[in-house]
Enquirer: 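Encoded as structure tokens, here's the structure I'll be asking about.
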Amino acid sequence: MSDLYCVMGNPVEHSKSPWIHARFAQLTGQDMHYDKRLIALDGFARGIAAFRAEGGKGCNITVPFKFEAAPIATRLTPRAELAGACNVLRFDGDEVFADNTDGVGLVNDITRNAGVRLAGRDVLLIGAGGAAAGVLGPLIEAGPRLIAVANRTQAKAQHLIDRHASLAQQHRVKLQAPELLQVTDDFDVVINATATSLSGEAVPVSPAVLRRGTLACDLMYGPAAQGFMDWAAAHGAAPRDGLGMLVEQAAEAFLVWRGVRPPSAQVLEELRAALG
Ligand code: ATR
């Protein structure tokens with residue numbers, strides 16, 4: 001029988017993860033089956049127990065369960081601990097190994113797929129919720145000069161940078177938490193980790209943060225990213241959606257489970273083509 005994996009979430013029906021992992025498995029010759037599981041909002045622990053009883057080897061965790069995954073882990077990577085959230089679990093007998101590959105997925109998409117250097121650059125991260133917390137650690141490890149974390153509720157951004165202060169010091173990265181509406185410097189890379197695109201609201205920051213050629217990434221893809229992408233393009237920036245991050249975080253999860261790195265750039269290209 002093939003090794004069993006899945007993605008657990010609510011909602012989960014539109015997840016691209018089964019397609020991505022099936023393609024990774026095909027291209028690397030791994031014998032595995034990956035499906036999706038809709039989990040009741042109050043049923044995360046039950047869902048995990050049922051999947052393990054079926055013999056599941058590991059799973060991805062998506063909205064809204066990423067924060068519930070950390071407490072069930074017996075071993076947590078430092079990046080998952082810093083994020084306070086997990087998107088990957090691996091079941092090793094009685095042990096539950098947990099990781100967060102969202103941030104490294106974003107960094108790999110920016111540096112490898114988009115070909116934009118982060119080392120020594122100035123980065124603006126908009127938002128300080130779960131999505132922002134998931135990517136800040138790996139962004140710091142990529143060694144930019146500065147990361148400004150700007151959030152509607154400034155205290156949350158301050159709390160997030162305080163939690164990352166020692167990692168930032170270790171990598172000699174300057175962290176700031178400016179007032180969202182007062183950010184008027186321009187940046188090399190701007191990352192939208194707020195939920196504004198999803199609700200169709202305006203981008204909550206001045207276009208002065210963009211200069212010609214700034215890489216402007218949304219962590220979402222599809223219609224949810226369109227508002228931010230249009231805004232970025234209208235102000236001369238290079239827009240990028242979160243599809244590459246999705247494929248790259250999946251590639252890192254695949255590596256955690258199977259010990260093999262799949263050809264993620266090829267699969268990203270195929271997925272873009274399949275989505276039209
Ligand atoms: P996620 O897990 O997707 O990050 P979240 O933890 O609820 O979801 O965080 C949502 C983020 O979007 C927060 O940074 C939130 O700002 P607040 O911390 O001030 O709530 C941000 N956000 C949501 N709606 C927004 C809006 N209309 N303008 C600006 N920021 C907004």
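Every value quoted in this text rests on a predicted model; they were computed, and no experiment measured them.
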Enquirer: Among residues at least two apart in sequence or on other chains, which ones pass ring-ring contact (aromatic ring centres under 6.0 Å, His included) with Phe65?
Expert: Phe44

Enquirer: Without swapping roles, check the side chain of Lys36 against the backbone of Glu13 for a donor-acceptor pair under 3.5 Å.
Expert: yes

Enquirer: Counting distance only, does the side-chain N/O of Trp231 pair as donor-acceptor with the main-chain N or O of Gln226 below 3.5 Å?
Expert: no

Enquirer: From the options Gln249, Arg112, Glu248, Glu252, select the one residue that forms a side chain to side chain donor-acceptor pair (under 3.5 Å) with Ser264.
Expert: Glu248

Enquirer: Provide the closest heavy-atom pair for Phe187 versus Val123 in the form atom of the first, atom of the second, distance.
Expert: CD2-C, 3.5 Å

Enquirer: Without swapping roles, check the side chain of Thr74 against the backbone of Val96 for a donor-acceptor pair under 3.5 Å.
Expert: yes

Enquirer: Within a reach of under 6.0 Å around NE2 of His235, are more than 12 heavy atoms found that belong to other residues, nucleotides or ligands?
Expert: yes

Enquirer: Looking at Asp102, Asn60, Asn100, Asn87, which one forms a side chain to side chain donor-acceptor pair (under 3.5 Å) with Lys66?
Expert: Asp102

Enquirer: Counting N and O atoms only, with roles assigned by atom type, does the side chain of Asp188 sit under 3.5 Å from a partner on the main chain of Asp122, one being a donor and the other an acceptor?
Expert: yes

Enquirer: For Gln154 and Ala177, indicate whether the former's side chain and the latter's backbone hold a donor-acceptor pair under 3.5 Å.
Expert: yes

Enquirer: So for atom CD, which belongs to Glu269, do other residues, nucleotides or ligands contribute more than 12 heavy atoms lying within a distance under 6.0 Å?
Expert: no

Enquirer: Rounded to the nearest 0.5 Å, how far apart are SG of Cys217 and CG of Leu106?
Expert: 6.0 Å

Enquirer: Return yes if some donor-acceptor pair links the side-chain N/O of Arg258 with the main-chain N/O of Val260 below 3.5 Å, else return no.
Expert: no

Enquirer: Do the side chain of Arg52 and the main chain of Gly93 share a donor and acceptor less than 3.5 angstrom apart?
Expert: yes

